[in-house]
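In what follows, a structure is listed as structure tokens, so that the remarks can point back to it.
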Amino acid sequence: MLPTETQAPLLTSVLTCPVCQHAQAEQMPIDACQWFYECTSCHTVLKPLAGDCCVYCSYGSVPCPPIQAQGFGSCCG
Ligand SMILES: [Zn+2]
């Protein structure tokens, strides 16, 4: 990570499991969506909520990089 790079999207998002409320920081892929994420605590496989493109947009503290770049919408069309 470059501390002076203000244009770079945040690549770490804290996913909060809706089942057990476990929060886990994860690295996001820069140019891809992640549709599935297995909770490291209860092993529930999370999927995006309706209207969201990836698990980071639904459960993360930071939306995925394509959303950060666009500021809106969906990262996968
Ligand atoms: Zn969980």
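As the structure lists them, so they are numbered: ligands from 1, and atoms in each ligand from 1. Computed from a predicted model, the values in this text were never measured in an experiment. All values below were derived from every heavy atom in this structure, side-chain atoms included, with hydrogens, water molecules and symmetry-related copies excluded.
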Can you tell me if H43 has an N, O or S atom under 2.8 Å away from the Zn ion (ligand 1)? no
Between the Zn ion (ligand 1) and H22, is there an N, O or S atom separated by less than 2.8 Å? no
Heavy-atom closest contact ([X] atom, [Y] atom, distance):
| X | Y | answer |
| --- | --- | --- |
| C64 | Y56 | N-CB, 4.3 Å |
| V62 | T12 | CG2-O, 3.8 Å |
| C39 | H22 | SG-CB, 4.3 Å |

At the Zn ion (ligand 1), what's the angle from C20 SG to C39 SG, rounded to 10 degrees? 110°
Find out whether Y59 and T16 are in side-chain contact, i.e. whether some heavy atom of one side chain is under 4.5 Å from a heavy atom of the other. no
